[in-house]
Amino acid sequence: MSVTAPQLQSPRERRASLQASRSERYARMVEIRLMEERVLALFGEGLIPGTTHTSQGQEAVCVGIAAATRPTDTVACTYRGHGMALSLGVTREAVLGEILGRQIGCMGGLGGSMHLSDPRVGLLPTFAIVGAGIPIGAGAALTAQVLGNDDVAVSVFGDGASNIGAFHEGLNLASIWKLPVVFVCENNQYGEYTRIDRTTPVADIAVRAASYGIPGEVVDGQDIDAVEETVGRVVARARRGDGPTLVEAKTYRYAGHSRSDKATYRPAGELDQWLERDPITLFGEKLVAEGALDRARLEEIKAQAASDLERTLEVVLASPPPTEQQMMAPPTATGR
Amino acid sequence: MSVTAPQLQSPRERRASLQASRSERYARMVEIRLMEERVLALFGEGLIPGTTHTSQGQEAVCVGIAAATRPTDTVACTYRGHGMALSLGVTREAVLGEILGRQIGCMGGLGGSMHLSDPRVGLLPTFAIVGAGIPIGAGAALTAQVLGNDDVAVSVFGDGASNIGAFHEGLNLASIWKLPVVFVCENNQYGEYTRIDRTTPVADIAVRAASYGIPGEVVDGQDIDAVEETVGRVVARARRGDGPTLVEAKTYRYAGHSRSDKATYRPAGELDQWLERDPITLFGEKLVAEGALDRARLEEIKAQAASDLERTLEVVLASPPPTEQQMMAPPTATGR
Amino acid sequence: MAKLRMNQAIALALAEEMERDDHVIVLGEDIAEAEGSFKTSEGLLKRFGPNRVRDTPISEMGFMGLSVGAAATGLRPVVEIMFIEFLGVALDQLATEAALMHFLSGRKLTVPLTVRASVGSGLGFGCQHSQTLERWLLGAPGLKVAVASGARSAYGLTKAAVRDDDPVVVLEPRPLYGRREDFEPGEDAVISLGTGELLAQGTDVTIVALGQTVATALAGAEEAGWSADVIDLRTVQPWDRELVRASVAKTGRLVTVEENQFTAGWGSDVVSDVAANCHGDLSAPPLRLTAPDVPVPYGTALEQRYLPSAEYLADQVGLLLKTGTCPRPWWEGQ
Amino acid sequence: MAKLRMNQAIALALAEEMERDDHVIVLGEDIAEAEGSFKTSEGLLKRFGPNRVRDTPISEMGFMGLSVGAAATGLRPVVEIMFIEFLGVALDQLATEAALMHFLSGRKLTVPLTVRASVGSGLGFGCQHSQTLERWLLGAPGLKVAVASGARSAYGLTKAAVRDDDPVVVLEPRPLYGRREDFEPGEDAVISLGTGELLAQGTDVTIVALGQTVATALAGAEEAGWSADVIDLRTVQPWDRELVRASVAKTGRLVTVEENQFTAGWGSDVVSDVAANCHGDLSAPPLRLTAPDVPVPYGTALEQRYLPSAEYLADQVGLLLKTGTCPRPWWEGQ
Ligand SMILES: Cc1ncc(C[n+]2csc(CCOP(=O)(O)OP(=O)(O)O)c2C)c(N)n1
Ligand SMILES: Cc1ncc(C[n+]2csc(CCOP(=O)(O)OP(=O)(O)O)c2C)c(N)n1
Ligand SMILES: [Mg+2]
Ligand SMILES: [Mg+2]
């Protein structure tokens with residue numbers, strides 16, 4: 001019995017299986033980790049244009065959010081969005097293909113690493129301008145509120161983004177209109193090469209919720225169950241019509257900010273400390289302790305993910321880059 | 001003995017006399033009140049182009065700030081800035097002349113009611129874009145910090161402005177750099193025609209200071225002594241190098257938002273309640289109670305202010321509007 | 001037929017579109033209870049309720065962003081930016097997010113967003129509340145920009161914008177809000193975005209105008225000793241290249257009348273297109289009539305000096321015809 | 001003589017100006033400890049300390065605003081905007097506040113602010129990190145905009161900007177940061193803002209280029225069967241109208257080479273000026289070579305197709321000379 005054959009699954013199916021099964025969540029975290037590591041390697045090989053922002057170490061946050069929401073909910077997230085896209089169900093081919101600039105990518109290879117999306121699982125095009133997605137996510141919640149359905153939206157952003165105006169305006173608007181939106185700050189301790197405490201005078205970004213009269217919560221971003229529980233609870237609150245919440249997930253990115261950044265600005269030992277609480281290891285141990293999976297199974301999942309990734313990469317590399325004609329299609333929906 | 005003959009005083013002298021004498025502060029508040037009432041009347045007569053924003057009822061805030069600072073300090077304030085300009089020492093001719101679009105105005109009549117300034121008493125051109133002056137004021141504090149002098153800056157803005165991004169970014173920057181700046185929110189309960197509680201989910205804007213790890217204080221904006229004490233104390237703190245403070249002055253504008261707005265959106269009785277705590281009456285009574293002035297003197301001051309205003313108006317109306325040549329002067333300092 | 005002020009025509013267009021499609025919502029500062037600073041949303045709150053007609057905080061970046069997100073997920077928001085200058089705090093959401101989102105979604109999402117903003121000089125508001133600033137938006141792939149020249153075109157453009165599946169900005173010259181125009185509302189009045197309108201026909205010159213300057217162009221052409229094709233461009237992005245080129249092919253001369261300052265106004269793009277495509281047709285150099293390269297002055301008297309007037313237009317075109325060269329702008333005579 | 005990469009030339013210019021005047025400070029995201037995302041502030045923190053070299057939070061509106069206030073009160077701040085697109089969240093502070101503050105102070109305050117921003121395509125960053133966007137700034141009274149075309153002009157323009165008493169934006173094409181150029185640093189290398197430079201002389205055509213396209217223009221002109229005046233505009237606001245007109249008076253033909261999309265690029269203003277002022281001199285219609293009106297594609301291969309290349313330039317100019325009419329752009333052949 002193989003874990004899954006995700007390449008055969010549609011995004012909706014990938015999402016459903018993740019939501020249904022804890023072991024699938026584990027597998028997805030592994031999938032993300034391996035994909036991100038491979039992306040960095042591919043960047044080193046010159047196969048990825050421009051830049052790319054990976055999320056190793058932060059897998060529990062995105063998978064936890066995907067587990068706590070449904071595909072009709074909307075997610076606005078950032079350029080550091082490969083993991084979120086995979087979590088929500090976007091296929092590996094669509095993600096890796098886009099990062100590599102191939103037609104098989106989710107926008108045909110014309111957008112790139114910073115711009116992943118799939119409306120079928122609620123993923124808005126990921127945002128390359130810091131903070132831009134915060135109010136836009138809240139706008140999806142406005143749609144739900146105006147139409148009177150019970151969808152919610154999740155705006156995901158970094159610690160650094162909490163210092164930009166769009167954060168302030170987005171949270172304030174969501175509060176006064178009681179929009180069904182959850183704001184998740186992935187506090188990975190750094191904005192580019194600068195430690196959060198050099199730009200942000202509060203220890204917990206969650207305290208900023210008080211400025212908007214909404215609840216603020218801190219959650220251990222390395223513990224997927226904690227993320228799912230917290231996000232799930234405040235998503236339910238939003239769905240009930242009780243308004244927005246700010247959730248701060250404390251986490252860490254293992255790699256540098258982008259492309260070839262070696263993150264030499266980090267104090268010695270910091271990475272090691274975080275590696276001790278690796279979200280995949282923690283979750284794996286827990287699943288074993290619970291008796292849900294045994295260690296051999298964990299290894300099988302990893303092996304499966306590795307071979308799935310290889311197959312994905314083959315498929316992606318066989319896909320051509322977009323054509324001149326594709327580039328020249330009008331950028332408007334109406335063609336004018 | 002006449003109160004003063006302010007028309008003969010330079011802006012610096014007007015500032016110095018206000019800072020030196022409580023009765024002069026009283027006189028200045030009266031001057032502002034009469035000027036603002038006259039401005040509205042002149043608008044009604046068609047003598048003021050475009051729009052104008054008056055500040056009757058808010059006199060204790062601007063005069064209190066002027067009393068608590070010195071002319072080498074910098075003040076950034078808003079289009080509702082006639083009172084602030086007069087408080088800081090800008091002459092009546094310069095203020096009224098600008099509002100009426102005459103050459104005698106502080107920018108030669110080319111700027112208008114929303115754009116008053118006088119660098120000699122630290123007044124930056126008042127800001128017509130909501131929130132713009134908040135970080136710009138902090139920038140003056142950056143100058144003081146970089147140059148190592150002990151000047152401070154005061155950024156003054158409305159309650160409505162506390163929902164705009166520049167507020168968030170400006171306060172955060174001031175905090176992390178410990179800039180010598182005081183942020184004063186003139187909470188006059190309305191942003192244009194909308195009550196503060198419909199746009200702002202916190203009862204006190206001062207609580208937002210916590211988002212930036214700085215002190216926040218609420219002060220009675222109708223009590224000039226309270227404003228002077230509070231602003232003076234936090235200005236001193238900033239001067240010492242101990243960083244910024246957010247001060248919220250609760251106040252009320254008696255007139256509408258601008259030009260001919262009749263403020264019918266206000267609940268019946270609200271204005272009357274505030275009129276019971278009129279800042280000029282309160283301060284006058286206090287001066288009388290203290291024995292500093294007697295009632296006859298208060299009346300004299302008012303009469304003097306009224307006649308000064310008449311004389312100012314005569315002078316201003318005798319001043320021509322700016323010429324085509326003045327309009328055509330290059331907008332750059334270098335002439336290119 | 002209805003004789004409406006421009007602000008009434010806009011409110012009517014919005015009401016009709018809200019009636020027609022309950023995904024249309026409107027939001028902005030003081031647009032609900034106060035019915036808009038310029039009374040362009042009169043009656044909407046009462047008729048459609050607070051779920052669809054919303055007063056916002058002073059947070060242009062925020063509510064523009066919300067509207068982009070709402071548009072991408074199924075609504076058709078109409079956002080009011082009270083004065084175009086306030087886009088300076090929200091441009092990212094419009095020019096970088098809304099404009100590119102259809103493209104960035106692999107062409108799967110649409111962003112049927114309408115942004116309305118008041119523009120222009122003539123009311124004495126001073127230099128930061130008197131510009132047209134369409135130049136901030138020109139050249140942005142994905143964005144359409146229309147400019148109303150009166151009640152009729154405001155009505156037709158607003159309806160077209162709300163129905164369009166792309167982000168459309170409709171600019172409304174403030175001095176026209178109070179001016180009445182007779183026209184027939186209804187489906188036939190909806191304007192196809194991207195098309196200009198030939199308002200007068202002549203043989204000597206093609207005058208291209210936009211917004212407020214349409215009236216200037218018509219007035220200037222009326223009494224003159226020459227005759228002109230007068231075109232209301234109506235949409236400045238994309239603009240009706242065919243209409244302008246065809247007219248210039250006939251008249252042999254082009255004059256743009258612009259409210260903006262001289263440098264890099266929309267007229268430069270029109271002139272540049274005509275220069276490239278109608279070179280052989282041009283019997284005189286193309287002429288741009290604009291404001292000078294200084295800030296808009298305070299006060300309505302100087303403002304009138306600042307803007308190109310109908311008399312100035314008549315004179316300049318007369319000189320162009322007589323001399324076959326571009327007359328210098330008034331400010332160079334100084 | 002020094003052979004420097006463009007980023008080194010910028011760091012050198014900044015260091016020299018900071019040495020020369022201790023009112024010069026630099027600030028931006030990751031410019032101090034990390035020495036700039038593109039290493040344009042290498043060595044500055046070490047040399048001038050954290051009081052004058054400051055890392056900011058991600059708050060472009062905020063730190064641009066701080067810089068405007070600091071400039072108005074005595075400092076000469078140099079702000080880095082990492083990618084020009086980020087101006088979309090800070091435009092108000094630059095175009096509405098900084099640009100107008102001298103005017104609004106009754107001409108009493110000066111705003112010696114320098115804003116540096118990286119621009120352009122060619123490195124595969126995708127559509128929101130690859131534009132030039134000088135169009136957001138063109139036409140703003142009070143603002144100067146310069147564009148570097150290599151180490152030498154980056155050095156000269158940066159020094160000029162820091163010394164200028166008005167707000168100046170210096171745009172730096174990203175692909176040039178790593179490219180070396182030989183030049184003599186020092187006072188003589190400072191460029192007078194507003195002046196273009198004639199880089200090659202010829203008789204058949206005047207080619208006006210800016211930023212990255214200067215190299216394209218020179219390369220295209222080199223092997224061609226025609227000869228050209230090649231002008232590096234250097235400052236795009238105000239731009240050197242005299243230099244361009246004089247050249248066109250000589251050559252009779254104008255071609256602009258622009259990195260931006262076709263609609264409303266800076267070249268439209270150049271063409272429009274020349275069409276008006278050199279009508280009689282033009283023996284062929286003015287031609288604009290630009291990118292097409294679609295978003296910048298991801299990936300360097302398509303990006304190269306997207307941008308006007310030297311070969312395309314050579315071909316198009318050849319056609320212009322041969323036919324006397326504007327050849328169609330490559331994308332209209334499709
Ligand atoms: C408005 C804006 N400013 C600056 C940038 C450049 N930039 C890209 S990512 C980044 C750091 C963001 O940090 P954070 O919000 O903590 O997210 P993380 O990258 O850590 O996930 C910066 C400054 C940008 N994309 N947009
Ligand atoms: C960015 C921006 N948005 C909107 C406006 C229009 N506007 C001018 S004053 C005002 C209300 C401001 O309210 P508040 O900050 O409370 O100041 P007050 O007028 O009460 O003194 C608004 C919305 C503006 N000038 N700038
Ligand atoms: Mg971070
Ligand atoms: Mg207020």
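Letters A, B, ... are given to chains in the order of the sequence lines, protein chains preceding strands, and every chain is numbered from 1.
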Problem - Verdict with reasoning, C:Arg54 to A:Val146, per side chain to side chain contact (heavy atoms under 4.5 Å, CB included) - result: CA-CA 11 Å; C:Arg54 295 182 181 226; A:Val146 168; 3.8 Å; yes
Practice task
Check step by step if side chain to side chain donor-acceptor pair (under 3.5 Å) holds for C:Asp165 and A:Thr334.
Solution key: CA-CA 6 Å; C:Asp165 275 342; A:Thr334 51; over 6 Å; no
Handout entry: side chain to side chain contact (heavy atoms under 4.5 Å, CB included) between C:Thr96 and A:Phe127, worked out
Key = CA-CA 10 Å; C:Thr96 306; A:Phe127 293 91; over 6 Å; no
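No option in C:Val111, C:Asp166, C:Leu143 other than C:Asp166 meets the side-chain contact (heavy atoms from CB on, under 4.5 Å) test with A:Thr332.
Closest approach of C:Phe103 and A:Met107 over heavy atoms only: O-CE, 3.0 Å. Listed here is the closest heavy atom pair of C:Lys108 and A:Cys106: NZ-O, 3.3 Å. The two residues C:Pro57 and A:Leu173 have their closest heavy-atom pair at CD-CD2, 3.3 Å. Of all heavy-atom pairs between A:Ala166 and C:Met61, the closest is CB-CG, 4.2 Å. When all heavy atoms of A:Pro125 and C:Met101 are compared, the pair lying nearest together is CG-CG, 4.0 Å. The shortest non-hydrogen separation linking A:Thr143 to C:Gly69 is OG1-O, 4.3 Å.
To the nearest 0.5 Å, the span separating CG on A:Leu110 from CG on C:Leu104 amounts to 10.0 Å. In this structure, C:Ser105 OG and A:His115 NE2 are separated by 12.0 Å, a value rounded to the nearest 0.5 Å.
Interface residue C:Ile25: only side-chain heavy atoms are found under 4.5 Å from chain A. Heavy-atom distances place the side chain of A:Ser117, and not its backbone, under 4.5 Å from chain C. Heavy atoms of C:Leu100 lying under 4.5 Å from chain A are absent altogether. Using a 4.5 Å cut-off between heavy atoms, A:Ile134 makes no contact with chain C at all. Looking at A:Gln145, the atoms closer than 4.5 Å to chain C (heavy atoms on both sides) sit in the backbone and in the side chain alike. For chain C, the nearby part of A:Thr74 is the side chain; its heavy atoms alone come within less than 4.5 Å. At a 4.5 Å heavy-atom cutoff, A:Ala76 makes no contact with chain C through either its backbone or its side chain. Looking at A:Leu142, both its backbone and its side chain come within 4.5 Å of chain C, counting heavy atoms on both sides. Neither the backbone nor the side chain of A:Phe167 comes within less than 4.5 Å of any heavy atom of chain C.
A 4.5 Å side-chain heavy-atom check between A:Glu169 and C:Phe63 finds every atom pair outside the cut-off. Side-chain atoms of C:Leu66 and A:Leu179, non-hydrogen and from C-beta on, do get closer than 4.5 Å to each other.
When A:Pro135, A:Gly137, A:Ala144 are compared by the number of non-hydrogen pairs under 4.5 Å with chain C, A:Pro135 comes out ahead. Among C:Pro141, C:Gly62, C:Gly106, the residue making the largest number of heavy-atom pairs under 4.5 Å with chain A is C:Gly62. Interface summary for chain A: among C:His23, C:Glu97, C:Glu60, the most heavy-atom pairs under 4.5 angstrom belong to C:Glu97. Each of C:Val89, C:Asp92, C:Ile58, C:Val68 has some count of heavy-atom pairs under 4.5 Å with chain A, and the biggest count is that of C:Asp92. Interface remark: of the candidates A:Asn172, A:Leu147, A:Asp118, A:Leu147 forms the most heavy-atom pairs closer than 4.5 Å to chain C.
Looking at C:Asp164 and A:Arg336, a side-chain N of the basic residue comes within less than 4.0 Å of a carboxylate O on the acidic one, giving a salt bridge.
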